[in-house]
Structure formats: structure tokens, C-alpha cells
Amino acid sequence: MELKELKHKKLKKWIEDAVELMQPDNVYVCDGSKTEYERLSEQMVKEGLAIRLNAQKRPGCLLFRSDPSDVARVENRTFIASRTQDAAGPTNNWIDPVELKQTMTDLYRGCMRGRTMYVIPFSMGPVGSPIAKIGVEITDSAYVVINMHIMTRVGTRVLDALGGDGEFVPCYHSVGKPLKKGESDNGTWPCAPLEKKYISHFPETREIWSYGSGYGGNALLGKKCLALRIASVMARDEGWLAEHMLILKITNPQGKAKYIAGAFPSACGKTNLAMLVPTIPGWKVETVGDDIAWLKFGSDGRLYAINPEAGFFGVAPGTSEESNYNAMKTIEKNTIFTNVALTKDMDVWWEGIGYEPEGTLIDWTGKEWVYDKNKNNAPAAHPNSRFTTPASQCPSIAHEWEDPNGVPISAFLFGGRRAHTIPLVLESKNWLHGVFLGSIVGSEVTAAALDLKVGQVRRDPFAMLPFCGYHMGDYFKHWIHIARKTTPDKLPKIYFVNWFRKTDDDKWLWPGYGDNSRVLKWIFERCDGSGKAVETPIGNMPPLDAIDRPASVSAQDMEILLKVDTEGWLQEVDDIRRNHYPKFGDHLPKELYELLDEMEKGLRK
Ligand code: TSX
Ligand code: MN
């Protein structure tokens, strides 16, 4: 489609201004068709940027290798440019919006020379859903276009829904590498150096400006940028919730279904949980979403959730038939792989795929790689390598996953990776206490970072720390206030879960994976009114006989998993009071300090 055919005056003007600033060689408005996807794929294969995988083993699949410097989200280059620094809060990077726009306009000037500007109209949520939002991303990356095809709803149908004056979130994206006359990428991944990368959000004007990175979370602007950072601000202003949550459907042997949404920090297996295969006979788990939930109250006073995405952008390493059967089936075809290893027969491989590779591989940097049983060599697949795959191909996808009205949520889960203290499952006493539990979520780091050692707890309240577009203290307040929009009986119940308890000699206490269905069953029964619980100072817990114990777990271990570790919790209280809550300054709702005091009193009784 050509620019002059656009009906939407404001959109047309916005694109024309961008063309003048960025100086692309061509402008192309995406229609979202299969042929468009195929044409751009073929173009990137010809340019040497993409590799077509084995048509028998992985039909319709491509492999990309990014620049080694462009493999993950860049949190220290991610900015919330609200008018005041106080609005962004202490956990976001802030730059004055006028200054930032000046800096970035200078970077954008002529940044698309020698390239095509793609205009991607996209919908987060089913097109036309009352909960959906439309965005338009301008990009000079064909890789971004085909990924957006999978992750969102793209094209002409979105422009039709937008009409002549509909609202959209304008999103600028450039890889930040203009080409000189006659120059080409020569099969290398274009991007800018770290200090020129900017992932910027302007919450008051609902704009996203991204520069310098072609990688997923920095470049597919519908996902973390729009559906979480900008949407969290819209949700606060409009009285709904935009959350970093999976959505699953669980059905009991009698055929009764409930929906559960859950927030987990990274490396806790959120995608695995969303696609879980239950080990308890007669129970079924289906997938609605694996990363983001938008929740609004229905006319019946209940919270309804949609998955604003259309695909999964999942971490490949660790994904196997055993850890996630449904994901392995989903990625058999029509999938984009980024930074995984390539086998001799043009298939993919990664660490934790569940089998040893045959012969030598080409690793994610493009070099020959020989398998070493002792794992002394660098990984063949980058630890953050990804698959981009259509949700519709997932065998466990729930039929209602695209219901424009969403699904009614019965329970929220919060979880983290904690070897000690946090029990297998804990039910909040009420909504406010549930918000308290969400606010103290933490996970032990699995790989040493700049700030933390392996095993130290990194607090990530609501798993939203990197994704909230405003002050986290105000975010807690929003969660407290949202309860006033309905009656307590209509609100989802709130649970803390922990699949990662260890013995003192470092052995897993809980088998996890499909056996987590035993915990979900208790949660289902609690929401249904039949499940038993005992009150404790930290919340409501299942008595020992309320959870079906897996054969591999001894009665003594089950006791450890479901016991209140008073000493551990007192240390937890101390850490929250000294190190966690003070981070949010005077924006932290006083109710949360009160609950902390109350819990400490209960534990000391
Ligand atoms: O995803 C995981 N889940 C959730 C599954 C629905 N993982 C992988 C985390 C990294 C992404 C888990 N790892 C889970 C889990 O519940 N639990 C564990 C820890 C664990 C690992 C191996 C075993 C047990 C627990 N193996 C045996 O017990 C034999
Ligand atoms: Mn995520």
C-alpha cells in the first residue's frame, strides 16, 4: 500500500514527518499478508541475514544471528521520559522528555538512508476488541516486520479498524545504521553501539521512540514498550490493569473451567507453566497467554483478561519435550529462531533441548562448534536465544484465547525462585494482603550480575520492575485502589507460589513442571469453595492432606514445603523493611508497611 492511499489524516502526517526526518529510500505500508511475510523472508535470505531451515524438519522456519552486542533488552538504555522524574520513580531511568527528543531527533535525522521505511499498523488484542489498542510502528528492519506479523495482528484490517480518526500509539524504530551510496549490510545484523541505543517512552503523550537495537524487546514495540510500559500508564489513568502475566485455563474432571493469571520474574518458567501438561488424571490445562495480560472489569463486576499478543517470543535454551512439550510442538513450523545453533542438516539445537547434537554445529556466532560432554566450551546457542512462533499453532491453546471480551480471572499467582523460606503455596488473606505479597516478590539470581551474586534475592514486585511506565509506589497504590471498582467476592483470589524449594544439601524438594498441577488443583478448589485451608501469620495454607502428594515427594518433604518457616520469614520482614520498601520512598502506600508490621507481630507471637 502506498502512503497517499491512507485515509487517516493524522497518521499520514505523522508518517510524512518521519520520512522527512529519517530520509528512507522507500516507504512501504504493511498489509499483513502471508505473501508480504514470504517476500520479506526471501529478501533477507538473499541478503544473507536469514537462513532458511530444513523444509522437511522445520517447514517455514528461519534462523537469524544477531550482532553479538545486540542479544537482549538493554535496561540501562531504557527510559521513562515523563515530565517529572518523580512520576517515573526511582526504579526507572529518566531523562527530561524535551532533552531526550532533541537527542533522539538528531540520531533519527537521515538514519534510514539506503533503507526502506516499513509502516506496521498493529493491534494489541483481537482486532476490534473493546480491550485492544492499536499502534503503528515505523521501522527500517524487515526482521522486525516479520516478527511483528507473528507477535501481533498486523496490516490492512488494523487500518480499517482505525478508520479516519481512530487512536493509535505512534512508535518509531530504527536500527540506527544508515547506509552510504552503494553500501549494503552484507549479511550482517545492523545496529548501533550501546551508548547510542535508546528505548524511550513518553508516558504523557503515549509515544515510543526506539533507536539502535534490532533485538526483540527493544524493537518489537508492541510487546514490552506498548503492552506493558505505555499500557500500564493508560491502565492507571483508565482504571484497569496491564500486567506481566501468563493466562491459563484449568478444567477439572467434571468439565468445570477456571482461568488463572500469573506473574513471575524471568527464569521461573512462566511459558512452561502457561503450557503445562498436568500429571493428575482428568485435569486439563490450556493456554491463553504466556507473557502479558490486560484486565478490565466486566459488567458483572469480575475481572476479564485478554492476551494482547498473537505469538510467543520465548527463550529457547531449556525448552525440551520434557520441560515444555506444547512449546516444542508449536515451534515445528512457521517459526523465527534468533541466536540458536544450526545443525548440519539445517535444523536448530540449543542447550537443554533434550538430546545431544549429532556431529558439529554452527554456534550462534556463526562458528564451528563441537559438542563437549563436560560442557567446558561456550554455549552453542546464546542463553537468551529465542523463538518467535504463532500462538495459534500451540496444541494447548484454549479455544477462547482470542475472545474479544477476555476470560474471567479467578486467581492471580505471584511466584519467584526461592530455595528457602517461601512455601510451595500461600493464599492471601484478602485483596490488600495479596497486593502486599505481589509487592515483595523476589527471585534468586541464576547467573551472577553486576549488582548481585548467584543465589541472592532480587526483588521484582509483580514481576513489573523493568516494565512499569511510572512510579512503582504509585503502581502498588493503583492495585490497592482497583479493588474499589467491585465487591470483594468478585475479585480474584491471590496466591504466592514457589516451585523452587531446596533441601539444605541443595536437592529440589518439589518436582515442579506437570506436578505443579497439584497446586493449581488446590487453588481451583479454593476458588470453588471446597478447598481446605488453615490460617497462619503469613496467610492461608493448605493442610498436609489438601494437596495430592507426588510419589517422588516424601511426607516429611511435603511438611517442609507447607510449613511456616518463622525464622526465615522474620529475616524476610527485616530485608523488606530495610532494603526493599525504602526504595519507593514516600510513594509506598502506608498500608503495606502496616501489613509488614502485622506479619512480624504474628510471627513473633
Ligand atoms: O519451568 C519450570 N517450572 C515450571 C513448570 C511448569 N522450571 C524450569 C525453570 C527455568 C526456566 C523448573 N525447574 C520448575 C518448574 O516448576 N522446577 C524446577 C526445578 C527442578 C528441576 C529439575 C527437577 C526438579 C525440579 N528434576 C527432578 O526432580 C527429577
Ligand atoms: Mn516477559
Side-chain angles (χ1 to χ4, degrees), residues 124-126 129-133 227-228 231-250 256-263 288-289 292-308 398 400-401 403-414 426-439 441 461-464 468-470 472-497 520 523-531 533 535 539-540 589-592 594-595:
M124 297 313 288
S129 157
I131 312 183
K133 300 268 181 201
L228 287 175
S232 63
V233 175
M234 293 174 162
R236 175 199 62 191
D237 295 347
E238 299 167 7
W240 51 282
L241 298 168
E243 300 300 326
H244 190 202
M245 287 180 175
L246 65 88
I247 309 166
L248 64 79
K249 175 186 183 182
I250 177 164
K256 192 167 183 184
K258 294 188 187 296
Y259 302 92
I260 297 176
V288 177
I292 301 176
W294 284 357
L295 305 112
K296 290 191 179 174
F297 287 101
S299 51
D300 60 357
R302 297 189 66 190
L303 264 179
Y304 285 76
I306 65 160
N307 169 11
E400 59 275 61
W401 81 280
D403 187 331
N405 297 312
V407 295
I409 298 298
S410 297
F412 284 125
L413 310 182
F414 295 116
L426 174 66
E427 181 187 74
S428 79
K429 302 174 190 183
N430 51 46
W431 181 263
L432 180 63
H433 183 243
V435 175
F436 167 77
L437 294 179
S439 79
V441 165
F462 292 79
M464 278 292 279
C468 186
Y470 61 101
M472 274 306 273
D474 295 340
Y475 168 93
F476 300 149
K477 246 172 247 166
H478 178 57
W479 261 82
I480 294 172
H481 287 168
I482 203 113
R484 299 182 188 159
K485 294 181 80 92
T486 190
T487 51
D489 59 305
K490 299 278 174 62
L491 285 166
K493 287 176 168 288
I494 300 179
Y495 297 84
F496 219 44
V497 294
L520 298 180
I523 291 171
F524 180 108
E525 289 164 351
R526 287 294 291 166
C527 294
D528 216 33
S530 62
E535 292 182 14
N540 305 328
K590 62 171 187 345
E591 293 94 325
L592 297 182
E594 287 164 11
L595 283 185

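Counting begins at 1 with the first residue of the sequence.
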What's the separation between atom NE2 in His481 and atom CZ in Arg236, rounded to the nearest 0.5 Å? 13.0 Å

Do Pro126 and Ile306 have side-chain heavy atoms sitting under 4.5 Å apart? yes

Pick from Leu595, Ile480, Leu592: which one makes a side chain to side chain contact (heavy atoms under 4.5 Å, CB included) with Ser439? Leu592

I'd like to know whether CD of Glu400 has more than 12 heavy-atom contacts from other residues, nucleotides or ligands below 6.0 angstrom. yes

Plane angle bin for Phe414 and Phe412 - parallel if under 30°, tilted between 30 and 60°, otherwise perpendicular: parallel

Residues 292-301 side chain polar contacts: donor-acceptor under 3.5 Å, at least two apart:
unit_1: Trp294; atom_1: NE1; unit_2: Ala227; atom_2: O; d: 2.8
unit_1: Asp300; atom_1: OD1; unit_2: Arg302; atom_2: N; d: 3.0
unit_1: Asp300; atom_1: OD2; unit_2: Tyr304; atom_2: OH; d: 2.7

Got a second to check how far Ser410's OG is from Arg526's CZ, nearest 0.5 Å? 13.5 Å

Find out whether Lys249 and Val407 are in side-chain contact, i.e. whether some heavy atom of one side chain is under 4.5 Å from a heavy atom of the other. no

Closest non-hydrogen atoms of Pro404 and Ser129, given as atom of the first, atom of the second and distance, are O-OG, 2.7 Å

Do Lys258 and Ile523 make a side-chain contact, defined as non-hydrogen atoms from C-beta onward lying under 4.5 Å apart? no

Does Ser428 reach the main-chain N or O of His433 with its side chain, forming a donor-acceptor pair under 3.5 Å? no

Rounded distance (nearest 0.5 Å) linking atom CD1 of Ile482 with atom CH2 of Trp240: 10.0 Å

Tell me which pairs pass salt bridge (charged side-chain N to carboxylate O under 4.0 Å, His left out) where either residue lies in residues 477-491, with sequence neighbours left out. Asp474-Lys477

Over all heavy atoms of both residues, which pair between Ser232 and Tyr470 is shortest? Give the atoms and the distance, please. O-CE2, 3.3 Å

Does any N or O in the side chain of His478 come within less than 3.5 Å of the main-chain N or O of Asp237, such that one atom is a donor and the other an acceptor? no

Should the pair Trp479 and Trp431 be assigned to parallel (<30°), tilted (30 to 60°) or perpendicular (>60°) ring geometry? parallel

Indicate the atoms forming the closest heavy-atom contact of Val233 with Gly469, along with that distance. CG2-O, 3.5 Å

Can you find a pair of side-chain heavy atoms, one from Ile409 and one from Ile247, that are under 4.5 Å apart? yes

Assess whether side chain to side chain contact (heavy atoms under 4.5 Å, CB included) is satisfied between Leu437 and Tyr495, documenting all intermediate values. CA-CA 8 Å; Leu437 294 179; Tyr495 297 84; over 6 Å; no

Could you tell me which residues satisfy salt bridge (Lys or Arg N to Asp or Glu O under 4.0 Å) with Lys590, sequence neighbours excluded, listed by chain and number? none

CD1-CE distance between Ile260 and Met245, expressed to the nearest 0.5 angstrom: 12.0 Å

CD1/Ile131 to CG/Asn307 distance, rounded to the nearest 0.5 angstrom? 11.5 Å

Rounding to 0.5 Å, atoms CE (Met464) and CE (Met472) come to a distance of 7.0 Å

Below 4.5 Å, heavy atoms only, C-beta onward: do Leu520 and Val497 meet side chain to side chain? no

